[in-house]
Q: 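Attaching a single structure in C-alpha cells format; questions to follow.
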Amino acid sequence: MTDPVTVHVPLGERAYDILIGPDLLDRAGTILAERFPGRRFGIVTDTAVAKAQLPRLVAALDAAGLTHVTVTVPNGEASKSIDQLNKVVDGLLGARLERGDLVLALGGGVIGDLAGFAASVTRRGMDFVQIPTSLLAQVDSSVGGKTGINSPHGKNLIGAFHQPKLVLADLSALETLPPREFAAGYAEVVKYGLIDDEPFYFWLEENQPAIFAGDTALRGEMVARCCAAKTRFVLADEKETGVRALLNLGHTFGHALEKATGYSDRLLHGEGVAIGMVLAHGFSAKLGLAPSQDSGRIEAHLKRAGLPTRMSDISGTLPPTDVLMDAIAQDKKVVRGALTFILTRGIGQSFIERNVAPEAVRSFIEEQRSI
Ligand SMILES: NC(=O)c1ccc[n+]([C@@H]2O[C@H](COP(=O)([O-])OP(=O)(O)OC[C@H]3O[C@@H](n4cnc5c(N)ncnc54)[C@H](O)[C@@H]3O)[C@@H](O)[C@H]2O)c1
Ligand SMILES: [Zn+2]
C-alpha cells in the first residue's frame with residue numbers, strides 16, 4: 001500500500017482534503033470511519049459505475065462495519081434532471097439518513113454534480129464526499145463545490161455551491177473507464193498547462209504516451225497537479241466572479257459545438273474542449289497575440305491522445321456559422337456588442353479578454369470549419 005498524495009483545499013471552515021492514490025476505494029471504510037465516526041452513508045452512483053466500481057466501495061464499508069444504502073441512477077448526462085434529483089433525495093430520506101449523515105458521490109461528473117446538489121438541499125444541507133471515478137471528475141468537477149442539474153433552459157442552471165468534506169480520487173478506478181472518456185478527461189488536464197503552467201504542459205507532452213499506457217505513478221502526479229491548479233483558482237475566486245473564468249479556456253467554442261451536436265455521442269464535453277483549445281490558440285494567433293506555431297503543436301499533442309482537434313473531425317454536418325455564433329453569444333453574455341473570450345499570448349499565458357468583436361469570431365469560424 002502506498003500513502004495517498006494529499007492536496008489540501010484551505011477554505012476556512014469549509015476546508016477539505018483531496019486524497020489521490022491507487023487503492024482508495026478499498027481503503028474507504030477505514031478512511032471514512034476515522035474521519036466521520038458514527039455517521040451513516042448514502043452512496044449515489046450510476047448504473048455503469050455500479051457495475052465497475054461499487055462492489056469495491058461496498059466491501060470496504062462492510063469491512064469497516066459502516067451502515068450504508070445505495071441509490072443508483074442511469075448513467076449519462078440525462079440523469080442531471082429534476083426527476084433523478086427527486087429519486088436521489090427520496091432514496092436518502094427513505095433510508096432515514098439524518099442531517100449529520102453523509103452522501104458519497106461515486107461516479108463521474110454527472111454523479112458528483114447530481115449527488116452534491118442532492119446533498120445541498122436534503123434536510124437543508126447534508127455533508128458529502130466526492131469519490132470521482134472518471135478522469136474529468138478527478139481533475140476538475142469533484143473539486144471546487146459547484147453542484148447542480150440541467151434545466152430545459154440550459155445546462156447547470158439549477159444548482160448550488162456546496163463544498164465536499166473530502167475527495168477520494170482512486171487511480172485504479174480509471175482502469176475501467178472507457179478509453180474515449182479517459183481521452184476526454186485528458187483534454188481538461190492539458191487545459192491546466194495551457195492556462196498558466198507551461199512546465200506542466202511540456203511535462204504532459206513528454207509523458208502522454210506513458211500516462212495513456214496506464215502508468216499509475218505518472219497518473220497520480222498528473223491528477224495531483226491538476227487538483228492543485230483547480231484549488232488555486234477556487235481559492236482565488238470561489239464563486240467564479242473573476243480569474244476562475246480562465247478555467248473556461250477552450251470552452252466557449254467547445255460549448256457551441258456541444259450545443260450544435262445536441263449534447264450527443266457525436267462530441268463528448270472534453271472533445272469539444274480539445275477542439276476549442278486549438279481554436280482559442282488559432283484565434284489568438286490570428287489576432288496577432290500568440291505565436292502561430294502553438295496551435296499546431298497543441299493539435300499534435302491532443303491528436304496523439306486520440307482527441308478530435310478540428311471542427312471537421314466531428315461526424316455529420318455542423319449547423320451554419322450563424323447558429324454557432326448564436327450559441328457563442330448565449331454562452332458568453334454579450335456586453336455592448338462585444339464578446340468575452342479566454343485568449344492567450346502563448347502556451348501557459350492565457351487571459352480574459354472582454355472586448356472581442358463578434359465579426360472577428362465569425363470570420364475565424366468560417367475559415368476554420370472546412371479545414
Ligand atoms: N461541478 C463542476 O465544477 C464541473 C466541472 C466540469 C464538468 N462538470 C460536469 O461533469 C459532467 C461530465 O462528467 P464526466 O465526463 O465524468 O461524465 P459522466 O459522469 O457521465 O461519466 C462518463 C461516463 O463514464 C462512466 N464512468 C465513470 N467512471 C467510470 C469508471 N471508473 N468505470 C466505468 N465507467 C465509468 C459513466 O457511467 C458515464 O457513462 C457534466 O455534467 C459536466 O457538466 C462539472
Ligand atoms: Zn470542461
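Nothing fancy with the numbering, it's 1 onward along the sequence. Both counts, for ligands and for their atoms, begin at 1 and track the order of listing.
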Q: May I ask you to check whether Glu188 brings an N, O or S atom to under 2.8 Å from the Zn ion (ligand 2)?
A: yes
Q: Do any N/O atoms on Arg244 end up under 3.5 angstrom from N/O atoms on ligand 1?
A: no
Q: With side chain to side chain contact (heavy atoms under 4.5 Å, CB included) as the test, pick out the partner of Thr133 among Thr45, Leu106, Asp46.
A: Leu106
Q: Can you label the angle between the Trp203 ring and the Phe200 ring as parallel, tilted or perpendicular, going by 30° and 60°?
A: parallel
Q: For ligand 1, which atoms sit closer than 4.0 Å to a heavy atom of Asn75?
A: 37 (O), 39 (O)
Q: Counting from 1, what ligand 1 atoms have a heavy atom of Asp46 closer than 4.0 Å?
A: 36 (C), 37 (O)
Q: Starting from atom 33 (C) of ligand 1, find the nearest protein heavy-atom neighbour and note its residue, name and distance.
A: Thr176 O, 3.1 Å
Q: Considering non-hydrogen atoms of the protein only, which is the closest contact for atom 9 (C) of ligand 1, and what is the distance?
A: Asp113 OD2, 3.4 Å
Q: Where on Asn156 is there a heavy atom closer than 4.0 Å to ligand 1, on the side chain, on the backbone, on both, or on neither?
A: side chain
Q: Does any N/O atom on Asp140 come nearer than 3.5 Å to any N/O atom on ligand 1?
A: no
Q: Is there a path of hydrophobic side-chain contacts, each under 4.5 Å between heavy atoms, that joins Val129 and Val58?
A: yes
Q: Judged by modelled atom types alone, do Gln53 and Thr176 share a side-chain donor-acceptor pair under 3.5 Å?
A: yes
Q: Could you tell me which residues satisfy ring pair (Phe, Tyr, Trp, His ring centres under 6.0 Å) with Tyr201, sequence neighbours excluded, listed by chain and number?
A: His301
Q: Are any of the side-chain heavy atoms of Glu299 and Arg310 separated by less than 4.5 Å?
A: yes
Q: Output the list of atoms in ligand 1 that are nearer than 4.0 Å to some heavy atom of Lys80, sorted by atom number.
A: 9 (C), 40 (C), 41 (O), 42 (C), 43 (O)
Q: Between Arg99 (side chain only) and Arg123 (backbone N and O only), is there a donor and an acceptor less than 3.5 Å apart?
A: yes
Q: Enumerate the atoms of ligand 1 whose separation from the nearest heavy atom of Glu77 is less than 4.0 angstrom.
A: 40 (C), 41 (O)
Q: At a 4.0 Å threshold, what atoms of ligand 1 neighbour a non-hydrogen atom of Gly108?
A: 16 (O), 19 (O)
Q: If the plane angle is over 60° it's perpendicular, under 30° parallel, otherwise tilted; pick one for Phe253 and Phe283.
A: perpendicular
Q: Looking only at N, O or S atoms, find the one in His251 nearest to the Zn ion (ligand 2) and name it.
A: NE2
Q: Would you kindly specify which portion of Glu181 sits under 4.0 Å from ligand 1, judged on non-hydrogen atoms: side chain, backbone, both or neither?
A: side chain
Q: Any idea which atoms of ligand 1 are less than 4.0 Å away from a heavy-atom of Lys230?
A: 3 (O)
Q: Determine, step by step, whether Phe117 and His162 satisfy the ring pair (Phe, Tyr, Trp, His ring centres under 6.0 Å) criterion, reporting the C-alpha distance in whole Å, the side-chain angles of both residues, the deciding distance to 0.1 Å, and the verdict.
A: CA-CA 7 Å; Phe117 185 49; His162 189 48; 9.3 Å; no
Q: Which of the numbered atoms in ligand 1 are below 4.0 angstrom from a heavy atom of Ala48?
A: 37 (O)
Q: Polar contacts were defined as any N/O atom of the residue lying under 3.5 Å from an N/O atom of the ligand; does this apply to Gly109 and ligand 1?
A: yes
Q: Looking only at protein heavy atoms, identify the closest one to atom 7 (C) of ligand 1 and say how far it is in Å.
A: Leu136 CD2, 3.7 Å
Q: Taking Gln138 as the fixed residue, which of Leu168, Leu174, Val189 is the one that meets the side chain to side chain contact (heavy atoms under 4.5 Å, CB included) rule?
A: Leu174
Q: Any chance CD of Glu34 has more than 12 other-residue heavy atoms, nucleotides or ligands included, within less than 6.0 Å?
A: no
Q: What do we get for Lys155 next to ligand 1 when only non-hydrogen atoms under 4.0 Å count, side chain, backbone, both or neither?
A: side chain
Q: Without swapping roles, check the side chain of Arg304 against the backbone of Glu205 for a donor-acceptor pair under 3.5 Å.
A: yes
Q: Are any of the N/O atoms in Ala173 less than 3.5 Å from those in ligand 1?
A: yes
Q: Search all heavy atoms of Ile365 against all heavy atoms of Leu324 and return the closest pair with its distance.
A: CG2-CD1, 4.0 Å
Q: Quick test: of every protein heavy atom, which one is nearest to atom 34 (N) of ligand 1, and how far off is it to 0.1 Å?
A: Pro178 CD, 3.8 Å
Q: Have a look at His269 and say which of its N, O or S atoms is nearest the Zn ion (ligand 2).
A: NE2
Q: Give yes if a backbone or side-chain nitrogen or oxygen of Ser134 is under 3.5 Å from a nitrogen or oxygen of ligand 1, and no if not.
A: yes
Q: Nearest protein heavy-atom contact for atom 5 (C) of ligand 1: which residue, which atom, what distance?
A: Ser141 CB, 3.4 Å
Q: Just which atoms of ligand 1 are under 4.0 Å from any heavy atom in Thr133?
A: 27 (C), 28 (N), 29 (C), 30 (C), 31 (N)
Q: A cation-pi test, strictly: NZ or CZ of Arg345 under 6.0 Å from the centre of the six-membered ring of Phe351 and no more than 45 degrees from its axis. Yes or no?
A: yes
Q: Tell me whether Val110 has any N or O atom under 3.5 angstrom from an N or O of ligand 1.
A: yes
